[in-house]
2 protein chains.
Amino acid sequence: MFSIGELSKRTKVKIPTIRYYEEMGLLAEAERTSGNQRRYDNDGLERLSFIRHARDLGFSIEAITSLIELQDHPDRSCEAATYIASSQLADVRAKIKRLKLLEKELTRISKGCDGRGVSEDCYVLAALADHELCDRDH
Amino acid sequence: MFSIGELSKRTKVKIPTIRYYEEMGLLAEAERTSGNQRRYDNDGLERLSFIRHARDLGFSIEAITSLIELQDHPDRSCEAATYIASSQLADVRAKIKRLKLLEKELTRISKGCDGRGVSEDCYVLAALADHELCDRDH
DNA sequence: CTTGAACCTCTAGTCACTAGAGATTGTAGA
DNA sequence: TCTACAATCTCTAGTGACTAGAGGTTCAAG
């Protein structure tokens, strides 16, 4: 049995965040000492690691809640879990695509006034003002 | 002179968002009719387009505030603006890098239980629970 | 002059935390 | 056993960039 601070250190999840997860129902309510402090065991550690990993992968709290529910009801859980993971993957791919477009345009914009003589107007500001200069929509 | 609804239509920025930008000081306070409704001219339209474009590119409200200040004080504005744009670009590139790692891992996870026979435990959940399976840290 | 769409302000909610105040508890050393 | 102080507790409020809704007012077409 260990304290919230210990759990925090082991999982690298900040203390207020742990309490927040508990409040949100992601984490079961922890046992308490007679003095009302939380105590955790290995189960709590594993569950929090799971949550942390899923958050790192960009799953929303809502999605994680679903995944946890699936863990507790193993019937059909595999298909549902795969579905959630695939949606997440599609989401990530869409974000990458969009960011690449942004990268392209920002590269163009940033190159405006490099080492060479600075013209009267700032190219960066002009580029931002004039959407027509963009190669594509966004 | 046109109304906030008209401005919204032309810029594709929602009405409450326009008011929010005004409140944040991004947009100058609009002129008002005798009945207290906002009226905009071409200047307002251009400034909002600028803001919208910058937001689309992921610039924060804070960064846009700086860019707008630069527009009003053209001395040295070019270097400063280029700096802001470059930071933004670095940020975007970092995000892309991170998302690509996530994509890789999610692909691996999603492939767990495809069409073939569903095993006893869900691979997706197991993969999420066990960080050790990851190729890299995140 | 009437009607109803569009506008106004204000408050509160979203997501996933984070920060701080003020009080209580746990624990190591004397 | 006492003391000191680090760690914990609950609670409220703040973050960024909006979004939603209530309840009231104004504009413009017919």
Side-chain angles (χ1 to χ4, degrees), chain A residues 1-27 29-41 44 47-48 50-68 84 87-88 91 95 98 102 138, chain B residues 1-27 29-40 44 47-48 50-68 84 87-88 91-92 95 98 102 138:
Chain A
M1 299 295 261
F2 38 88
S3 70
I4 196 170
E6 185 60 28
L7 183 65
S8 170
K9 248 178 235 155
R10 293 203 206 177
T11 56
K12 266 135 207 160
V13 176
K14 286 182 189 154
I15 290 171
T17 305
I18 296 173
R19 292 199 273 247
Y20 170 76
Y21 287 161
E22 182 182 310
E23 201 188 3
M24 291 300 100
L26 276 189
L27 228 38
E29 291 195 15
E31 283 179 54
R32 303 285 184 132
T33 62
S34 57
N36 201 33
Q37 298 196 358
R38 289 169 182 83
R39 285 300 111 106
Y40 298 90
D41 57 9
R47 173 153 287 195
L48 185 54
F50 174 92
I51 294 169
R52 200 213 138 148
H53 192 190
R55 285 292 303 136
D56 275 351
L57 290 169
F59 288 85
S60 69
I61 296 286
E62 207 190 336
I64 297 173
T65 304
S66 307
L67 288 169
I68 286 173
I84 294 173
S87 312
Q88 189 60 26
D91 214 69
K95 276 184 194 153
R98 187 175 149 71
L102 300 190
H138 39 236
Chain B
M1 298 295 262
F2 40 87
S3 70
I4 195 169
E6 184 61 28
L7 182 65
S8 171
K9 248 177 234 154
R10 293 203 206 177
T11 56
K12 266 134 206 159
V13 176
K14 286 179 188 153
I15 291 172
T17 305
I18 296 173
R19 292 199 274 247
Y20 169 76
Y21 287 162
E22 184 182 307
E23 202 188 358
M24 291 299 102
L26 275 190
L27 228 39
E29 291 196 14
E31 284 178 55
R32 302 286 184 131
T33 62
S34 56
N36 201 34
Q37 298 196 357
R38 279 167 256 252
R39 285 299 110 105
Y40 297 89
R47 173 155 286 196
L48 185 54
F50 174 92
I51 294 169
R52 202 218 134 145
H53 191 192
R55 284 294 301 135
D56 276 350
L57 291 170
F59 288 84
S60 69
I61 296 287
E62 207 191 336
I64 297 173
T65 304
S66 306
L67 287 170
I68 286 174
I84 293 172
S87 313
Q88 187 59 26
D91 214 68
V92 166
K95 276 184 192 154
R98 187 174 150 73
L102 300 190
H138 38 238

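From a predicted model like this one, the values you see are computed outputs, not experimental measurements.
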(request) Report the distance from atom CG of A:Leu48 to atom CD1 of A:Ile18, rounding to the nearest 0.5 Å. (result) 5.5 Å
(request) Look up atom OG1 in B:Thr17 and atom NZ in B:Lys12, then write down how far apart they are to the nearest 0.5 Å. (result) 15.0 Å
(message) Given the ring of B:Tyr21, does B:Arg47 sit roughly above its face, with NZ or CZ under 6.0 Å from the centre of the six-membered ring and within 45° of the axis?
(response) no
(message) Please give me the minimum heavy-atom distance between B:Arg52 and B:Val13, naming the atom from each residue.
(response) CG-CG2, 3.5 Å
(request) For B:Leu27 and B:Ile51, work out which heavy atoms get closest and say how close. (result) CD1-CD1, 3.6 Å
(message) Looking only at the side chain of A:Asn36 (C-beta and beyond, no hydrogens), which of the listed nucleotides D:dT10, D:dC27, D:dC18 gets closest?
(response) D:dT10
(request) Go through D:dT19, D:dT10, D:dT8 for me and flag the one nearest to the A:Arg38 side chain. (result) D:dT10
[N] [atom2] sits how many Å from [X] [atom1], rounded?
X	N	atom1	atom2	result
A:Ile15	D:dA7	CD1	P	9 Å
A:Glu29	D:dT10	CD	C1'	14 Å
A:Ile4	D:dA6	CD1	C1'	15 Å
B:Arg19	D:dA17	CZ	C1'	16 Å
A:Lys14	D:dA7	NZ	C1'	18 Å
B:Glu6	D:dC27	CD	P	17 Å
A:Met1	D:dT8	CE	P	15 Å
B:Glu62	D:dA17	CD	P	8 Å

(request) Could you say whether B:Ser34 or B:Phe59 is positioned toward the 5' end of DNA chain D, judged by the nucleotide with the nearest heavy atom to each? (result) B:Phe59
(request) State whether the number of non-hydrogen atoms from other residues, nucleotides or ligands found under 6.0 Å of A:Glu6 atom CD is greater than 12. (result) yes
(message) Strictly below 4.0 Å: does A:Ser3 bring a side-chain N or O up to OP1 or OP2 of D:dT8?
(response) yes
(message) Below the 4.0 Å mark, does D:dT19 have OP1 or OP2 next to a side-chain nitrogen or oxygen of B:Thr17?
(response) yes
(message) At 4.0 Å (heavy atoms only), tell me whether A:Tyr21 reaches a base, stays on the sugar-phosphate, or touches nothing.
(response) sugar-phosphate
(message) Nearest heavy atom decides the nucleotide; on that basis, is A:Gln37 or A:Tyr20 closer to the 5' end of DNA chain C?
(response) A:Tyr20
(message) If the threshold is 4.0 Å, N to carboxylate O, is there a salt bridge linking B:Arg19 and B:Glu23?
(response) no
(request) For DNA chain C, note the earliest and the latest nucleotide, 5' to 3', having some atom under 4.0 Å of a heavy atom belonging to chain B. (result) C:dC7 to C:dT9
